[in-house]
Protein chains: 2
Amino acid sequence: MAGRQKIYNEDAALNAAIDVFWQQGYEKASSRDLQKAMGIGFSSFYLAYKGGKQELFAKSMQRFFTLYPQPFLNLLKTVDNPVEAIRQYYYVMTEPNGKFSQFGCYFSNTIFQADENEFKEAAVKNLVVIADAFYDALLRAKNAGTINPTIPTELWKTYLLNLWTGLNTTKSIEKDQSILRATIDFSLKVFG
Amino acid sequence: MAGRQKIYNEDAALNAAIDVFWQQGYEKASSRDLQKAMGIGFSSFYLAYKGGKQELFAKSMQRFFTLYPQPFLNLLKTVDNPVEAIRQYYYVMTEPNGKFSQFGCYFSNTIFQADENEFKEAAVKNLVVIADAFYDALLRAKNAGTINPTIPTELWKTYLLNLWTGLNTTKSIEKDQSILRATIDFSLKVFG
DNA sequence: CTCAAACTGTATCGATTGATACATTATTAT
DNA sequence: ATAATAATGTATCAATCGATACAGTTTGAG
């Protein structure tokens with residue numbers, strides 16, 4: 001293998017692309033915006049991502065999952081009190097200067113903005129994986145007697161997804177952090 | 001006043017524009033899409049809406065409120081059981097072939113997609129008006145002893161908004177209508 | 001009958017979009 | 001050294017965006 005060395009860092013460039021997509025969404029994030037943020041030229045951009053913006057977005061969403069939800073899902077496998085862990089996870093949507101409260105949920109945004117394409121499907125799949133992990137952790141706690149849910153088991157995933165994706169929009173309407181957190185707290189009471 | 005007569009119907013044209021914006025959102029709805037759907041030429045378009053797409057969208061959102069939420073809010077003032085009325089309103093998000101389940105909530109979509117501009121602000125305002133009406137009807141029922149809510153009064157609006165805006169995304173993840181409706185039913189139980 | 005007012009159809013504007021072309025520079029294997 | 005390979009920088013492509021120009025058509029007031 002011969003050839004000139006990369007002048008940019010691949011990981012740093014992809015992380016920069018994540019933030020651009022996260023903030024602007026797939027459509028609004030222009031190739032020029034992305035290149036600028038990634039510190040990369042046009043040629044290098046299309047050399048590294050032959051599929052262009054589409055390929056970059058797909059890899060960006062994969063990396064996003066690895067960076068943010070994945071560590072939490074791993075943690076969730078070990079905790080005794082999954083409701084408290086989920087509460088803290090949901091609280092990030094209420095942190096005034098955090099990326100989640102500012103940019104929203106990467107997957108919900110994608111589901112919302114994308115056409116009926118592969119991205120929408122992938123974003124749904126990511127959220128379902130998260131909901132599945134929530135379900136498993138809660139079921140373990142229930143079986144262990146740690147929690148005593150009043151909500152039927154078959155509604156757990158949809159209820160939790162709806163709370164999460166709702167916050168993604170509600171945070172733009174209700175700016176009072178204490179009200180948002182109280183709503184999260186109240187909604188999670190059904191898990192005991 | 002002299003002059004040629006309009007060849008198109010203004011109300012029908014605006015209604016057509018609503019559906020285009022509803023389905024595609026402000027950004028993706030191109031001026032050509034709109035003209036085509038409205039059955040109108042470029043000249044007439046910019047003659048009728050000197051502010052272009054922006055002005056058309058503003059009037060479209062106003063008309064949308066008049067067409068859809070307003071009649072329900074009027075009904076809500078008269079019903080004895082507001083919880084049941086709200087349930088039916090939320091159910092429209094689960095109707096497989098309805099515009100709401102297909103296109104989502106006009107206002108939530110706008111809040112989601114718009115930049116920090118006048119549209120976002122107007123969409124938030126519309127949702128707040130709806131939440132206020134929900135609140136008033138529920139408070140009347142509580143004072144009349146018809147319902148016995150377990151949720152603190154100060155969380156009513158945010159809780160109901162979050163349920164509604166959540167459905168706007170959750171409907172794309174959970175396709176089973178019975179699960180969606182059961183989640184709505186369970187969530188509304190807190191109002192007694 | 002005339003003429004200004006109002007509406008319409010088509011052609012096109014400059015800006016921006018995602019994506020390529022192509023020459024240049026840097027690196028390594030032989 | 002030289003050829004092959006890889007990365008870069010700039011210029012530009014066709015398509016589409018919102019918006020406008022401008023000539024043509026229909027109408028009613030005088």
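Note: hydrogens, waters and symmetry copies are ignored here, and every other heavy atom, side chains too, is used. Letters go in sequence order (proteins before strands), and every chain restarts at 1.
Here dC7(C) is the nucleotide among dC7(C), dT8(D), dT27(C) with the atom lying nearest to any side-chain atom of K6(B). When distances are taken from the side chain of F42(A) to each of dT17(C), dA11(D), dT20(D), the shortest belongs to dA11(D). Among the nucleotides dG28(D), dT12(D), dT8(C), the one closest to the side chain of R32(A) is dT12(D). Counting only heavy atoms from C-beta on, S31(A) has its side chain closest to dG18(C) among dG18(C), dT10(D), dA11(C).
For dT20(C), the OP1/OP2 oxygens have no side-chain nitrogen or oxygen of Y46(A) closer than 4.0 Å. For S44(A) and dT8(D), the shortest distance from a side-chain N or O to OP1 or OP2 is below 4.0 Å.
Counting atom types as modelled, R4(A) pairs a side-chain N or O with a base atom of dT25(C) as donor and acceptor under 3.5 Å.
Straight-line distance from the CD atom of E27(B) to the P atom of dT16(D): 18 Å, rounded to whole Å. Atom pair Q5(B):CD and dT26(D):C1' shows a separation of 9 Å (rounding to whole Å applied). Summarising the geometry, the separation between CD on Q54(B) and P on dG18(D) is reported as 11 Å, rounded to the nearest angstrom. As a whole-Å value, the separation of M38(A) CE from dA7(D) C1' is 14 Å. F57(A) has its CZ atom 16 Å from the C1' atom of dG18(C), to the nearest Å. Between L47(A) atom CG and dT20(C) atom P the separation is 12 Å, expressed in whole Å. Between Q24(B) atom CD and dG18(D) atom P the separation is 10 Å, expressed in whole Å. Counting to the nearest Å, the C1' atom of dA7(D) and the CD atom of E10(A) are 11 Å from each other.
Of the charged side-chain nitrogens involved, none lies within less than 4.0 Å of a carboxylate oxygen, so that D33(B) and K28(B) do not count as a salt-bridged pair.
No side-chain donor-acceptor contact under 3.5 Å links T183(B) and T158(A).
At a threshold of 4.0 angstrom between heavy atoms, the contacts of F45(A) with the nucleic acid are absent. I7(B) comes within 4.0 angstrom of sugar-phosphate atoms only, judged by non-hydrogen atoms across all strands, and of no base. The residue Y8(B) sits close only to the backbone: its heavy atoms come under 4.0 Å of sugar-phosphate atoms, none of a base.
Listed by chain and number, the residues in a ring pair (Phe, Tyr, Trp, His ring centres under 6.0 Å) with Y68(B) are W22(B), F64(B), F100(B) (sequence neighbours excluded).
For the pair K50(B) and G41(A), nearest-nucleotide mapping onto DNA chain D gives the more 5' position to G41(A).
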Identify every side-chain donor-acceptor pair in residues 122-137 of chain A under 3.5 Å, counting partners at least two apart or on other chains, and give the distances.
from, atom 1, to, atom 2, distance (Å)
N126(A), ND2, A122(A), O, 3.2
D132(A), OD1, K157(A), NZ, 2.7

Stepwise ring pair (Phe, Tyr, Trp, His ring centres under 6.0 Å) test for F65(B) and F72(B): CA-CA 10 Å; F65(B) 187 88; F72(B) 176 72; over 10 Å; no
